[in-house]
Peer 1: 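Take this structure first; my questions come after.
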Amino acid sequence: MSIGLEFTNDLARVARHWRTRLDKRFRALGLTQARWMALWVLSRSGPMTQRDLAEQLGIEGPTLVRQLDGLEKLGLIERRTGDQDRRAKWIHLTKKATPLLTEMADETEQIRRDVLAGIAPADLQVAQQVLAAIALKLEK
């Protein structure tokens with residue numbers, strides 16, 4: 001097996017295990033993977049349209065609408081009509097989401113510390129540079 005094939009297989013496996021580990025922790029907070037991923041994107045990017053959020057998450061609009069319905073019922077997001085285009089719905093986090101996002105960030109940091117313990121910072125820096133180069137090529 002070529003090193004490139006092994007690397008990409010390992011990359012996919014690590015990403016899958018990372019999401020699974022987060023999902024397990026966040027499930028204890030009452031969130032499904034689809035819901036916590038939407039909250040996470042919104043917390044990092046700020047308010048955005050439903051269309052942009054669906055694109056960021058890599059899902060179709062109707063699938064996102066169901067997730068947003070659930071988050072809205074929990075009081076974690078609100079939909080607002082756009083100023084320029086009244087058809088566009090902008091998704092905003094509510095104040096109620098703040099403590100949950102803080103807890104998510106704390107859980108994520110603990111997992112990160114556990115997983116990366118014992119790996120030299122220089123090795124992590126090289127790995128990050130390689131991943132950034134791959135991401136740049138994939139985004140083109």
Peer 1: How far does NE2 of His92 sit from OG1 of Thr94, to the nearest 0.5 angstrom?
Peer 2: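 Going from the NE2 atom of His92 to the OG1 atom of Thr94 covers 11.5 Å.
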
Peer 1: Name the atoms and distances for all side-chain donor-acceptor pairs under 3.5 Å in residues 96-104, with sequence neighbours left out.
Peer 2:
from: Lys96; atom 1: NZ; to: Leu74; atom 2: O; distance (Å): 2.9
from: Thr98; atom 1: OG1; to: Lys95; atom 2: O; distance (Å): 3.4
from: Thr102; atom 1: OG1; to: Thr98; atom 2: O; distance (Å): 3.0

Peer 1: Following the transitive rule for hydrophobic clusters with a side-chain heavy-atom cut-off under 4.5 Å over Ile, Leu, Val, Met, Phe, Trp and Tyr, establish whether Val130 and Val115 coincide in one cluster.
Peer 2: no

Peer 1: Applying ring pair (Phe, Tyr, Trp, His ring centres under 6.0 Å), which residue pairs with at least one partner in residues 106-138 are found, sequence neighbours left out?
Peer 2: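 Residue pairs with at least one partner in residues 106-138: there are none.
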
Peer 1: Do Thr108 and Leu22 have side chains that approach each other closer than 4.5 Å (heavy atoms only, starting at C-beta)?
Peer 2: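 Of all side-chain heavy-atom pairs linking Leu22 with Thr108, at least one is under 4.5 Å.
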
Peer 1: What distance separates Leu39 CG from Leu31 CG, expressed to the nearest 0.5 Å?
Peer 2: 6.0 Å

Peer 1: Please report the interatomic distance CG(Leu57) to CE(Met37), rounded to the nearest 0.5 Å.
Peer 2: 6.0 Å

Peer 1: Looking at every non-hydrogen atom in both residues, tell me the closest pair between Leu53 and Ile91 and how far apart they are.
Peer 2: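 Scanning both residues completely, I find the closest heavy atoms to be CD2-CG1, 4.4 Å.
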
Peer 1: Side chains of Ser2 and Leu5: does their closest heavy-atom pair fall under 4.5 Å?
Peer 2: yes

Peer 1: Between Arg66 and Asp69, is there a salt bridge with N-O shorter than 4.0 Å?
Peer 2: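 Here Asp69 does not pair with Arg66 in a salt bridge, since their nearest N and O are not under 4.0 Å apart.
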
Peer 1: Between Leu42 and Pro47, is any pair of side-chain heavy atoms under 4.5 Å apart?
Peer 2: no

Peer 1: What side chain to side chain donor-acceptor pair (under 3.5 Å) pairs are there with at least one residue in residues 111-126, not counting sequence neighbours?
Peer 2: Glu109-Arg112, Gln110-Arg113, Gln110-Asp114

Peer 1: Out of curiosity, Leu68 CG to Leu76 CG, how far, rounded to the nearest 0.5 Å?
Peer 2: 11.0 Å

Peer 1: For residues 27-75, which residue pairs pass the ring pair (Phe, Tyr, Trp, His ring centres under 6.0 Å) check, not counting sequence neighbours?
Peer 2: Phe26-Trp36

Peer 1: Once rounded to the nearest 0.5 Å, what's the spacing between atom CG of Leu11 and atom CD1 of Ile134?
Peer 2: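 Spacing of CG (Leu11) from CD1 (Ile134) equals 6.0 Å.
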
Peer 1: Could you tell me whether Glu78 and Arg80 make a salt bridge, using a distance below 4.0 angstrom between a side-chain N and a carboxylate O?
Peer 2: yes

Peer 1: Do Leu138 and Leu131 land in one hydrophobic cluster if side-chain heavy atoms of ILVMFWY residues count as linked below 4.5 Å?
Peer 2: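 In one cluster: yes.
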
Peer 1: Is Ile111 linked to Leu29 within one hydrophobic cluster, defined over Ile, Leu, Val, Met, Phe, Trp and Tyr using a side-chain heavy-atom separation of less than 4.5 Å?
Peer 2: yes

Peer 1: Looking at side-chain heavy atoms only, is the closest gap between Thr32 and Gln67 below 4.5 Å?
Peer 2: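 The answer is yes, as the side chains (C-beta and beyond) meet within the 4.5 Å cut-off.
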
Peer 1: With side chain to side chain donor-acceptor pair (under 3.5 Å) as the rule and sequence neighbours excluded, what pairs involving residues 49-64 come up?
Peer 2: Thr49-Asp52, Gln50-Arg79

Peer 1: Please report the shortest heavy-atom distance between Ala54 and Leu64, naming the atom on each side.
Peer 2: N-CD2, 3.5 Å

Peer 1: Give me each pair satisfying salt bridge (Lys or Arg N to Asp or Glu O under 4.0 Å) with a member in residues 24-45, each pair once, sequence neighbours excluded.
Peer 2: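 Found Asp23-Arg27, Arg25-Glu107.
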
